[in-house]
> 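Below: one structure in structure tokens.
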There are 2 protein chains.
Amino acid sequence: MSNIKALPLLEPEVAEGVVPCCPPLTERPLTAEEAERTAAMFKALGDPVRLRLFSLVASHEGGEACVCDISDVGVSQPTVSHHLKKLKEAGLLTSERRGTWVYYRVEPSVVAAMGQMLKIAG
Amino acid sequence: MSNIKALPLLEPEVAEGVVPCCPPLTERPLTAEEAERTAAMFKALGDPVRLRLFSLVASHEGGEACVCDISDVGVSQPTVSHHLKKLKEAGLLTSERRGTWVYYRVEPSVVAAMGQMLKIAG
DNA sequence: TGTCTATGTTGACGCTCATCGATACAGGTG
DNA sequence: CACCTGTATCGATGAGCGTCAACATAGACA
């Protein structure tokens, strides 16, 4: 967990088996398998609370945020924890415990891969 | 017709200078309202069947596709129609009837706005 | 007019998910 | 050790969603 990737499209084993994968959506139709994997990433950002949590982490200084810094999104603490777990499972966030607190940070390669897919052809 | 106009989607007229609803997610935290509006777009791509349908339209020659061209995604015809409607409601696709067939095409500005949000801060 | 094809809508069913309170776990402090 | 704070997990519940069969609608053509 110590090497930073440039912007690879194919990366062996990020997070837990989540691999950013696919060409721009305008290039060719996705296969069923590709769609299954990729939809999970978009789905992770498809909830308002999760999207806010993600932007709170992404925009926090130092590129990381303690849970205590971002918990004020209008839902209970267990729900915040639940959503952070979902974002982690989707490969969008990573977490690390330092003492009492747990810090989350964005996984740049996965986010970059998603952005790549939304690139308009032409 | 559903009249729940709580969150109006993007107008089809935004074609020129890519009027993004929101800044890159790394720039600042989203407000609750921004998150609500934006999550709906990501949610639309958060289903494997919808993502395939979208990529089928996006990668089809001429930038548009008749429903008959993209219906082979492993679900029934009503389900295809249902998902295309969802994508349309999210502002990602537009449709037009020409004679017997209905053609769908990608709304580039909305897709571009989504890509904008996923830009990694440099 | 009637019929055929293409697409959208309706209603129902089962499953997933967001949410919460209660509880468990981890680490710091006294 | 006990106690407190920060975070994760568990179990339940209600809402939402994907799917289908059946039906409806729109246009083309005879």
Side-chain angles (χ1 to χ4, degrees), chain A residues 15-16 30 32 35-54 56-57 60 64-90 92-105, chain B residues 1-4 6-7 30 32 35-54 56-57 60 64-90 92-105:
Chain A
E16 22 218 270
L30 294 179
E36 199 83 32
R37 231 179 325 142
T38 311
M41 309 192 308
F42 285 104
K43 188 176 188 177
L45 294 183
D47 178 88
V49 174
R50 275 200 296 272
L51 192 56
R52 277 189 88 188
L53 287 170
F54 183 83
L56 279 162
V57 172
H60 202 266
E64 67 177 13
C66 164
V67 177
C68 58
D69 291 327
I70 61 177
S71 307
D72 193 21
V73 289
V75 295
S76 68
Q77 177 269 319
T79 302
V80 169
S81 191
H82 165 76
H83 283 307
L84 288 172
K85 185 180 181 181
K86 286 295 191 77
L87 287 167
K88 204 171 138 184
E89 288 172 347
L92 296 176
L93 293 181
T94 60
S95 71
E96 178 192 359
R97 170 160 228 137
R98 289 207 292 274
T100 304
W101 298 277
V102 177
Y103 292 83
Y104 283 81
R105 63 168 53 241
Chain B
M1 198 156 4
S2 75
N3 249 348
I4 320 170
L7 28 124
L30 294 179
E36 199 82 33
R37 207 167 0 119
T38 311
M41 308 192 308
F42 285 104
K43 189 175 188 178
L45 294 183
D47 178 87
V49 174
R50 276 200 296 272
L51 192 55
R52 278 188 87 189
L53 288 171
F54 183 82
L56 279 161
V57 172
H60 202 266
E64 67 177 13
C66 163
V67 178
C68 57
D69 291 327
I70 61 177
S71 307
D72 192 21
V73 289
V75 295
S76 68
Q77 175 268 321
T79 302
V80 169
S81 190
H82 165 75
H83 284 307
L84 288 172
K85 184 180 181 181
K86 286 293 192 76
L87 287 167
K88 205 171 138 185
E89 288 171 347
L92 296 176
L93 294 181
T94 59
S95 71
E96 178 194 358
R97 171 159 226 136
R98 289 207 292 274
T100 304
W101 298 278
V102 177
Y103 292 83
Y104 283 81
R105 60 169 54 241

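Being a predicted model, the structure only gives us computed values, none of them experimental. Residue numbers begin at 1 in each chain, while the letters A, B, ... track the order of the sequences.
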> Using whole Å, what does the distance between atom C1' of nucleotide C:dG8 and atom CG of B:Leu93 come to?
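Taking CG of B:Leu93 and C1' of C:dG8, I get 16 Å after rounding.
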> Nearest of C:dG27, D:dA8, D:dT19 to any side-chain atom of A:Val67?
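Taking heavy atoms from C-beta onward, the closest nucleotide is D:dA8.
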> Picking from D:dA22, C:dG28, D:dT19, which would you name as closest to the side chain of B:His82?
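Closest nucleotide among those given: D:dT19.
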> Which nucleotide in the set C:dT9, D:dT7, D:dC17 lies at the smallest distance from any side-chain heavy atom of B:Lys43?
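Comparing C:dT9, D:dT7, D:dC17 against the side chain of B:Lys43, the answer is D:dC17.
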> When A:Phe54 is tested against each of A:Asp47, A:Ile70, A:Val49, A:Leu45 for side-chain contact (heavy atoms from CB on, under 4.5 Å), which residue passes?
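Looking at A:Asp47, A:Ile70, A:Val49, A:Leu45, the match for A:Phe54 under the side-chain contact (heavy atoms from CB on, under 4.5 Å) is A:Leu45.
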> A:His83 has a side chain; which of D:dG18, C:dT9, C:dA18 sits nearest to it?
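Of D:dG18, C:dT9, C:dA18, C:dA18 is nearest to the side chain of A:His83.
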> Any idea which of D:dC17, D:dT9, C:dT7 is nearest the B:Cys68 side chain?
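Side chain of B:Cys68 sits closest to C:dT7.
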> So which heavy atom on A:Ala40 is nearest to which on A:Ala90, and how close?
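Heavy-atom minimum between the residues: O-CB, 4.2 Å.
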> In whole Å, what is the span from the CG atom of A:Leu51 to the P atom of C:dA18?
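In whole Å, C:dA18 P lies 13 Å from A:Leu51 CG.
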> Taking the side chain of B:Val102 as heavy atoms from C-beta outward, which of C:dA18, D:dT7, C:dG8 is closest to it?
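Closest nucleotide to the B:Val102 side chain: C:dG8.
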> Given atom CG of A:Leu87 and atom P of C:dC17, what is their separation to the nearest angstrom?
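Between P of C:dC17 and CG of A:Leu87: 14 Å.
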> Between B:Leu45 (CG) and D:dG18 (P), how many Å, whole number?
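It works out to 12 Å between those atoms.
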> Just checking B:Arg50: base, sugar-phosphate only, or nothing, at a heavy-atom cut-off of under 4.0 Å?
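If one applies the 4.0 Å heavy-atom cut-off, B:Arg50 turns out to touch the sugar-phosphate alone, with no base involved.
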> Looking only at side-chain atoms of A:Lys86, point me to the closest of D:dT9, C:dC17, D:dC20.
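When the side chain of A:Lys86 is considered, C:dC17 is the closest of D:dT9, C:dC17, D:dC20.
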> Using whole Å, report how far CD of A:Gln77 lies from P of C:dA18.
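Computing the A:Gln77:CD to C:dA18:P distance gives 17 Å.
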> Base, sugar-phosphate, or nothing: which does B:Tyr104 touch, judged by heavy atoms less than 4.0 Å apart?
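Contact class for B:Tyr104: sugar-phosphate only.
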> Round to a whole Å and report the spacing from CD of A:Glu36 to C1' of D:dG18.
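Atom CD in A:Glu36 sits about 13 Å away from atom C1' in D:dG18.
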> Need to verify one output field. Residue with the more 5' nearest nucleotide on DNA chain C, A:Val75 or A:Arg97?
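That would be A:Val75.
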> Could you please name the option among C:dC20, C:dG28, D:dT19 that lies closest to any side-chain atom of A:Thr79?
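Of C:dC20, C:dG28, D:dT19, C:dC20 is nearest to the side chain of A:Thr79.
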> Tell me: CD of A:Glu96 to C1' of C:dA26, nearest whole Å?
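Rounded to whole Å, this separation is 15 Å.
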> A:Val80 near the nucleic acid: base, sugar-phosphate alone, or nothing, with a heavy-atom cut-off under 4.0 Å?
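If one applies the 4.0 Å heavy-atom cut-off, A:Val80 turns out to touch nothing in the nucleic acid.
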> Side chain of A:Trp101, heavy atoms from C-beta onward: which of C:dC20, D:dG6, D:dA26 has the nearest atom to it?
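Per side-chain heavy atoms of A:Trp101, the pick is D:dG6.
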> Establish, with yes or no, whether the OP1 or OP2 oxygen of D:dG6 is under 4.0 angstrom from a side-chain nitrogen or oxygen of A:Thr100.
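A:Thr100 to D:dG6 OP1/OP2: no side-chain N or O under 4.0 Å.
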> Nearest to the side chain of B:Pro78, which nucleotide is it out of C:dA22, D:dT19, C:dT9?
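Comparing C:dA22, D:dT19, C:dT9 against the side chain of B:Pro78, the answer is C:dT9.
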> Please state how far atom NZ in A:Lys85 lies from atom C1' in C:dA24, giving the value in whole angstrom units.
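Going from NZ in A:Lys85 over to C1' in C:dA24 covers 14 Å.
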> Going by side-chain hydrogen bond (donor to acceptor under 3.5 Å, both in side chains), B:His83 matches just one of B:Arg50, B:Lys88, B:Arg52. Which one?
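That would be B:Arg50; it is the only one of B:Arg50, B:Lys88, B:Arg52 passing the side-chain hydrogen bond (donor to acceptor under 3.5 Å, both in side chains) with B:His83.
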